[in-house]
Protein chains: 4
Amino acid sequence: MNTFGRNFRVTTFGESHGVALGAVIDGCPAGLEISTEEIQAELNRRKPGQSAMATPRIEKDQVEILSGIFEGKTIGTPIACIVRNQNQASKDYDFLKEVFRPGHADEGWFYKYEHRDHRGGGRSSGRETLARVIGGTFAKKILAENNATQIIAHVSSLAGVDSCDISHADFDTAEIEKNPVRCGDKKAAEKMIEAVIDAKRKSESVGGEITICIKNCAKYLGTPVFGKIEGELARGIMSCGAVRSFEYGIGSKAKHQVGSMQNKRKEGISGGLTTGDDIIITVSVKPTPSISQKQKANTPNGEISDFVIGGRHDPTIPPRLVPVLESMVAMTLADFLLESPDRMNQVFR
Amino acid sequence: MNTFGRNFRVTTFGESHGVALGAVIDGCPAGLEISTEEIQAELNRRKPGQSAMATPRIEKDQVEILSGIFEGKTIGTPIACIVRNQNQASKDYDFLKEVFRPGHADEGWFYKYEHRDHRGGGRSSGRETLARVIGGTFAKKILAENNATQIIAHVSSLAGVDSCDISHADFDTAEIEKNPVRCGDKKAAEKMIEAVIDAKRKSESVGGEITICIKNCAKYLGTPVFGKIEGELARGIMSCGAVRSFEYGIGSKAKHQVGSMQNKRKEGISGGLTTGDDIIITVSVKPTPSISQKQKANTPNGEISDFVIGGRHDPTIPPRLVPVLESMVAMTLADFLLESPDRMNQVFR
Amino acid sequence: MNTFGRNFRVTTFGESHGVALGAVIDGCPAGLEISTEEIQAELNRRKPGQSAMATPRIEKDQVEILSGIFEGKTIGTPIACIVRNQNQASKDYDFLKEVFRPGHADEGWFYKYEHRDHRGGGRSSGRETLARVIGGTFAKKILAENNATQIIAHVSSLAGVDSCDISHADFDTAEIEKNPVRCGDKKAAEKMIEAVIDAKRKSESVGGEITICIKNCAKYLGTPVFGKIEGELARGIMSCGAVRSFEYGIGSKAKHQVGSMQNKRKEGISGGLTTGDDIIITVSVKPTPSISQKQKANTPNGEISDFVIGGRHDPTIPPRLVPVLESMVAMTLADFLLESPDRMNQVFR
Amino acid sequence: MNTFGRNFRVTTFGESHGVALGAVIDGCPAGLEISTEEIQAELNRRKPGQSAMATPRIEKDQVEILSGIFEGKTIGTPIACIVRNQNQASKDYDFLKEVFRPGHADEGWFYKYEHRDHRGGGRSSGRETLARVIGGTFAKKILAENNATQIIAHVSSLAGVDSCDISHADFDTAEIEKNPVRCGDKKAAEKMIEAVIDAKRKSESVGGEITICIKNCAKYLGTPVFGKIEGELARGIMSCGAVRSFEYGIGSKAKHQVGSMQNKRKEGISGGLTTGDDIIITVSVKPTPSISQKQKANTPNGEISDFVIGGRHDPTIPPRLVPVLESMVAMTLADFLLESPDRMNQVFR
């Protein structure tokens with residue numbers, strides 16, 4: 001199942017060390033203005049090699065549009081975009097034929113499919129998410145044109161450093177892209193950077209948290225009862241590799257609330273529908289499984305072997321995950337914006 | 001969107017105070033033995049009027065099977081089950097024509113659809129979940145026959161009382177159905193009951209937490225990349241009204257972990273696929289929005305009015321939500337158990 | 001797969017001799033006025049026992065609405081309707097446990113599912129189509145309100161009698177419901193009735209043809225390239241049991257045309273989209289497989305036995321199929337009327 | 001809707017004069033051996049410039065595999081294939097900005113989407129079907145490995161010449177690829193070629209008929225009641241541009257049959273399921289709308305203008321449609337071969 005969405009449908013493809021990755025976007029309305037540069041700008045936010053926070057693998061991640069756009073605007077046909085892999089260094093991964101990396105998808109995928117592309121995780125690599133960012137760029141533009149909707153995410157916790165001084169929703173959006181950890185709190189960002197570098201020095205990786213704020217969301221998005229917007233948002237976000245939790249509004253603190261207080265809260269979602277108020281989502285992310293310490297690993301022949309990883313890796317995931325989660329949120333909302341009419345008085349051509 | 005699942009498809013219908021609620025289950029394989037009594041037993045776990053923890057509305061919630069079962073076994077055709085409403089007391093809800101209950105779906109649904117059934121929330125009522133339990137009963141049986149899979153949920157926190165002495169996964173399954181709060185920790189249960197009764201006395205409602213354990217799960221369920229099992233589980237669970245967070249495995253503590261520790265953890269899901277290890281899911285639930293305190297409420301004509309709720313309500317949601325969440329998990333897993341073959345050597349008739 | 005449609009979704013259930021049959025309609029916009037009487041009127045056109053042209057099985061086919069309608073109008077939630085079986089005479093079908101009726105679905109369904117309801121074909125009975133008529137009634141109303149779209153079908157050939165004097169599209173719509181063969185040509189109807197009665201006397205059954213005309217169709221319905229309207233119409237119509245061919249516009253005569261002539265033809269569909277011009281569809285229907293002659297039949301134990309059918313049967317299918325095919329066309333068109341916006345300037349809430 | 005299938009899902013993209021066309025195949029099981037050469041061979045059967053029967057546009061239609069295949073075998077991930085356009089000659093089509101070609105999709109697509117790629121029909125061009133052939137190649141291999149299923153199509157009528165001497169099902173499969181009209185009857189082929197050349201000389205185009213035979217089909221493919229195999233086959237075939245009718249088995253002659261004869265007929269489909277017997281499908285195809293005669297044409301500003309077409313065109317469609325229809329049939333069957341288990345005893349991992 002490599003298609004996301006029912007109305008705005010994004011189908012992604014591509015392996016970490018294959019020929020190319022890409023996305024086909026079907027159901028995007030005609031007349032949307034979009035340029036290669038806009039897609040590239042979003043891909044650049046996700047691409048590797050941006051700083052010491054990310055893998056040193058160098059990839060330009062240059063996007064090429066193959067269809068669906070004519071004279072700078074969509075024409076209602078499927079939009080195909082591809083990114084060719086360049087710095088594949090596949091030999092770095094030869095040893096992975098004989099071993100399953102701890103904490104990675106390698107083992108399960110091997111037994112499910114039996115024949116696999118072992119190089120850098122193949123399709124289970126985080127590299128797959130670049131195609132999500134392509135889809136997300138189109139979705140963001142649709143949302144922006146519809147209601148000036150904005151989806152802003154930042155790293156609210158990293159390597160044990162919480163940006164706790166400020167409310168999650170009050171982060172400084174201008175600050176986010178200025179620091180390599182994508183934290184909307186300058187002071188916290190500095191501590192986070194130090195902590196990540198320190199972990200890296202210890203051959204360790206670290207987890208973190210991303211907070212997402214949806215502003216100016218169109219009202220009444222969501223389709224009861226199995227298309228409630230919170231369920232769909234959760235599904236999209238939890239489909240990103242290292243995510244371990246999804247919360248919105250009061251979140252996991254709900255368990256300690258009383259009704260009189262909770263009823264006064266504006267969470268941006270009610271009865272499965274957006275209300276137009278800001279929606280705050282919080283997401284926990286586990287540490288990168290690839291660490292350069294010696295570990296024990298399972299092998300295809302059922303044995304356990306000592307294992308020291310090669311290849312190139314991120315010491316932490318959240319900074320590069322920010323544009324990916326924004327994309328999942330944008331695709332989910334765009335999908336519901338394009339849903340069928342709700343009322344007879346909307347039924348016309 | 002009132003259908004859940006792609007392969008095992010459950011379509012639900014019915015309003016709180018309409019003629020009947022029900023479910024149509026399509027895609028259930030032929031030859032599954034199941035009786036009306038088994039479905040009724042699950043519905044009885046969810047039905048109202050069980051204790052002081054639940055609404056005093058009396059409903060027998062008697063299920064009738066209309067199709068799809070012949071001589072005690074499924075025949076591969078859609079299974080329709082209905083439950084007629086009895087104690088509708090619709091007049092209790094007449095006042096709801098002119099006001100939107102705080103914390104309820106009333107307002108959004110009114111503006112989305114314009115014409116609504118205001119009685120007791122109509123389809124946005126928690127009563128809708130009885131149809132999920134019907135679907136869940138069939139799903140649980142499929143899972144039990146396949147791999148003796150069990151889905152066990154209990155209330156791990158309620159009204160501020162946490163069942164913190166024991167690990168979430170180590171609760172006493174025999175205890176759960178013995179106390180009215182469905183907590184797998186007898187001592188905590190007693191405190192929870194007291195706390196709920198106390199809150200009720202204060203015209204208050206309380207939130208809580210449910211922990212779900214999946215045991216003996218079939219391996220490799222899930223379909224990368226957009227059908228990862230954690231995303232699908234989250235979607236199903238977050239589609240239940242009062243839920244505010246979904247966590248699995250290390251959950252929201254992921255943000256404070258380091259890779260060397262996390263890699264050793266068995267969370268039952270890896271790379272979007274089940275591994276066969278136990279899966280622990282934690283879910284936060286907000287307090288019931290219906291409380292008997294005086295509140296401010298919006299109205300269809302745009303004004304704000306004083307509001308004291310009538311009707312009959314639960315002081316807290318989690319105890320009755322337990323079988324519903326089990327059902328959502330069961331339906332999600334059954335859906336993937338019935339997925340297409342993954343490998344050419346499985347392609348046969 | 002018992003659900004038809006992506007936006008306007010009709011899920012049907014029920015076996016010929018089970019407790020009840022019915023349909024759940026999901027995705028119907030709120031605010032559509034509809035009454036039980038309107039649904040009943042359409043069901044009465046399809047119900048058995050109308051004349052010597054149809055099975056003598058007596059069924060009132062009384063419909064009951066269970067959900068989704070409040071104060072005479074839809075509310076945007078799923079609409080469930082059921083019809084209880086009354087005159088089941090299941091014992092007439094006991095002999096079918098041990099034999100597969102020639103020309104019926106019995107054999108294939110037995111081997112596919114192994115456990116089956118043998119009584120009167122179970123779900124493979126033509127009785128299943130009553131649920132399609134329920135869905136069709138809602139679809140017709142949506143279309144009528146949108147663009148005064150009309151779907152009119154009649155029997156254009158029966159028992160070897162063609163209504164050949166008039167163009168297929170020029171039949172007399174007022175005449176159709178006046179004669180028991182539902183032919184829009186009075187003279188042909190009389191000959192058809194004679195021919196059917198004659199065939200019945202000879203223990204024979206006869207085939208026929210239905211012509212469907214769609215008038216005032218909304219423009220540009222259809223979604224290239226795999227949702228072309230002609231493909232979707234064909235799919236719906238070919239999913240009705242006895243249908244053997246689907247043609248539209250020039251139809252099977254296309255093979256003998258030249259481009260200069262064909263380019264001048266208005267067929268109501270171009271490039272997979274409706275054009276607003278009338279669409280003429282022609283459908284061939286095989287004879288009823290149940291005949292009272294002695295036949296050879298396969299059995300579950302692999303032998304061939306002599307076979308004389310019991311039960312009650314129609315001597316010909318087309319007259320009762322008319323409202324069913326109208327329903328399939330209506331559901332197909334309604335589904336596309338409710339499709340996502342095609343252009344950015346239609347994207348609003 | 002540019003995705004075909006529920007289990008074996010083929011998403012196609014690309015415009016006639018855009019950068020590239022292609023397909024993403026999702027749901028193809030892992031372990032299927034396939035080479036670029038095999039796909040190329042099928043594409044070569046469809047490509048332009050093969051003979052005087054086809055457009056002189058020269059395209060190599062060279063396929064490139066971007067993902068999903070590793071060491072010559074599928075790995076269970078989406079398979080992306082692209083074909084770059086070469087001989088685009090877009091200027092030939094400049095005049096199409098101001099006029100809608102008669103008999104083409106131009107006009108409807110313009111009003112539906114407003115912004116369109118007018119060059120050579122854009123996505124409504126027959127060139128779109130090359131992506132279907134890519135999908136079909138994979139589907140054919142799955143079917144061949146499963147049950148040695150073969151799908152063989154030939155042109156059974158062209159330009160008024162019927163291959164009437166032989167039964168439709170008895171054509172000479174070795175002959176088909178030997179003549180440029182793809183007719184399985186050598187003598188008829190010669191007459192067809194003459195007739196097409198004659199029509200071309202007269203600035204005319206001609207229609208025809210394709211007969212498809214499915215041999216060794218797996219049994220019991222199809223999913224009642226809305227996934228009956230005949231409906232799904234019809235949908236796929238009718239989604240190809242110029243097709244006007246779909247018949248199987250007795251086809252449109254059903255209307256003149258009697259039950260005692262029809263019951264003895266083996267049509268390969270019964271009750272919506274395949275039986276394992278040969279399935280014969282007959283398809284009528286209209287003449288190419290592009291002819292070099294002067295015609296009247298509508299324009300975007302609502303006027304009618306004289307029109308003489310430029311560009312390069314086929315004088316007749318069926319010979320190049322043969323591999324496309326085979327592909328649609330193959331994709332439809334593969335989709336059902338990969339359907340969920342039908343019985344509890346098939347539910348295992």
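Here is the naming used below: chain letters follow the sequence lines, and residue numbers restart at 1 for every chain.
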Identify whether the distance between the nearest side-chain nitrogen and carboxylate oxygen of [X] and [Y] falls below 4.0 Å.
X       : Y       : answer
E114(C) : R343(D) : yes
R127(C) : E15(C)  : no
E232(D) : R235(C) : yes

What residue, out of [options], has the most heavy-atom pairs lying under 4.5 Å from chain C?
options                            : answer
M328(D), K253(D), R6(D), H104(D)   : R6(D)
A159(D), S290(D), S245(D), G108(D) : S245(D)
H256(D), E204(D), K296(D), Q257(D) : E204(D)
V225(D), I291(D), V206(D)          : V225(D)
G103(D), A105(D), P224(D), S203(D) : P224(D)
T275(D), T223(D), V258(D)          : V258(D)

Which atoms of [X] come close to chain C, meaning under 4.5 Å heavy atom to heavy atom: side chain ones, backbone ones, both, or neither?
X       : result
V161(D) : neither
T3(D)   : backbone
Q295(D) : side chain

Atom group of [X] that falls short of 4.5 Å from chain D, counting heavy atoms:
X       : value
S252(C) : both
K228(C) : side chain
V285(C) : backbone
T316(C) : neither
S124(C) : neither
N345(C) : side chain
V10(C)  : backbone

**OP:** Give the minimum heavy-atom separation between S292(D) and V308(D), together with the two atoms involved.
**Re:** O-CG1, 3.9 Å
Original post:
Which residues pass the salt bridge (charged side-chain N to carboxylate O under 4.0 Å, His left out) test with R132(D), sequence neighbours left out?
Top reply: E128(D)
**OP:** Could you tell me how the ring of Y248(D) sits relative to the ring of F246(D): parallel (under 30°), tilted (30 to 60°) or perpendicular (over 60°)?
**Re:** tilted
**OP:** Could you pull out all residues at least two apart from F100(D) that satisfy ring pair (Phe, Tyr, Trp, His ring centres under 6.0 Å)?
**Re:** F110(D), Y111(D)
**OP:** Give a yes or no answer on whether the side chain of T274(D) reaches the backbone of L221(D) with a donor-acceptor pair at less than 3.5 Å.
**Re:** yes
